[in-house]
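Sequence positions, counted from 1, serve as the residue numbers for this chain. Only heavy atoms go into these numbers, but all of them, side chains included; no hydrogens, no water, no symmetry mates.
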Amino acid sequence: QVQLVESGGGLVEPGGSLRLSCEASGRIFSVYSTGWYRQAPGKQRELVASIVANGRTTYADFVRGRFTISRDNAKNRIDLQMNSLSPEDAAVYYCYFELIETAGVWSPDMYWGKGTSVTVSS
């Protein structure tokens, strides 16, 4: 079984920065994609940023230029550096890993973290 543990959320003032981390543990053969979603109260969960096996990254328009996703393949870890935060960025942030646990399996499974809360307020 694969488990994801997130860290780095908290309270920050507008214009400030936070760095979120997510580390996957357990049986992992290969990672197809990984990234971050967020969900604000009363809103649907939305993709923030993702990174696929070849290193290509994708960002939502509302974070492009402010957030940076990075990956440490050896540690099965991803980070999300968030700069110039605004109250609109306040949400629970969830990481995910789309991965294969065992060689010979062709259909990846999706695993989610439990979420880490980001509050942006003065």
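- In the hydrophobic cluster analysis, where Ile, Leu, Val, Met, Phe, Trp and Tyr join through side-chain heavy atoms closer than 4.5 angstrom, I28 is grouped apart from Y32.
- Shown here for D89 and Y93, the closest heavy-atom pair between the two residues is O-OH, 2.6 Å.
- Atom CD of E23 is separated from atom SG of C95 by 10.5 Å, given to the nearest 0.5 angstrom.
- For the residue pair A91 and A40, the shortest heavy atom distance occurs at CB-N, 3.8 Å.
- Residues L80 and M82 meet the side-chain proximity criterion, which asks for heavy atoms closer than 4.5 Å.
- A salt bridge links R38 with E46: at least one charged nitrogen is closer than 4.0 Å to a carboxylate oxygen.
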- Where do F67 and L85 land on the side chain to side chain contact (heavy atoms under 4.5 Å, CB included) test, with the steps shown first? CA-CA 9 Å; F67 292 10; L85 286 162; 3.7 Å; yes
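- Follow the hydrophobic side-chain contacts under 4.5 Å out from L99 and you never reach F29; the two are in separate clusters.
- Two residues are said to be in side-chain contact when any heavy atoms from C-beta on lie closer than 4.5 Å; T116 and S7 fail this criterion.
- No donor-acceptor distance shorter than 3.5 angstrom exists from the side chain of Y111 to the backbone of A24, with no hydrogens or angles considered.
- One hydrophobic cluster, built from ILVMFWY side chains closer than 4.5 Å, cannot hold both V52 and I69; they sit in different ones.
- For the pair I100/W106, no side-chain contact is recorded, criterion being any heavy-atom separation below 4.5 Å from C-beta on.
- Looking at heavy atoms from C-beta onward, P14 lies in side-chain contact with S122 at the 4.5 angstrom threshold.
- Between G8 and L18 the shortest heavy-atom distance is O-CD2, 3.8 Å.
- Between N54 and R56, the closest heavy-atom pair is OD1-N, 2.9 Å.
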- Using the side chain to side chain contact (heavy atoms under 4.5 Å, CB included) rule, take I78 and F97 through it: C-alpha gap first, then chi angles, then the decisive distance, then the call. CA-CA 9 Å; I78 57 169; F97 273 70; 4.2 Å; yes
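- A donor-acceptor distance shorter than 3.5 angstrom exists from the side chain of E6 to the backbone of G115, with no hydrogens or angles considered.
- In this structure, the separation between CG on D79 and CG on L20 is 8.5 Å, given to the nearest 0.5 Å.
- A side-chain donor-acceptor contact under 3.5 Å links S33 and E98.
- When hydrophobic residues (I, L, V, M, F, W, Y) are linked wherever their side-chain heavy atoms come within less than 4.5 Å, the members clustered with Y37 are L47, V92, Y94, Y96, M110, W112.
- A donor-acceptor contact shorter than 3.5 Å is absent between the side chain of S50 and the backbone of G35.
- No side-chain donor-acceptor contact under 3.5 Å links R27 to the backbone of E101.
- Taking every heavy atom of both residues into account, S70 and R19 meet most closely at OG-NH2, 3.7 Å.
- A donor-acceptor contact closer than 3.5 angstrom links the side chains of S21 and R77.
- Pairing each heavy atom of N76 with each of V31, the nearest pair is OD1-CG2, 3.9 Å.
- Q81 and N83 form a side-chain donor-acceptor contact under 3.5 Å, judged by distance and modelled atom types alone.
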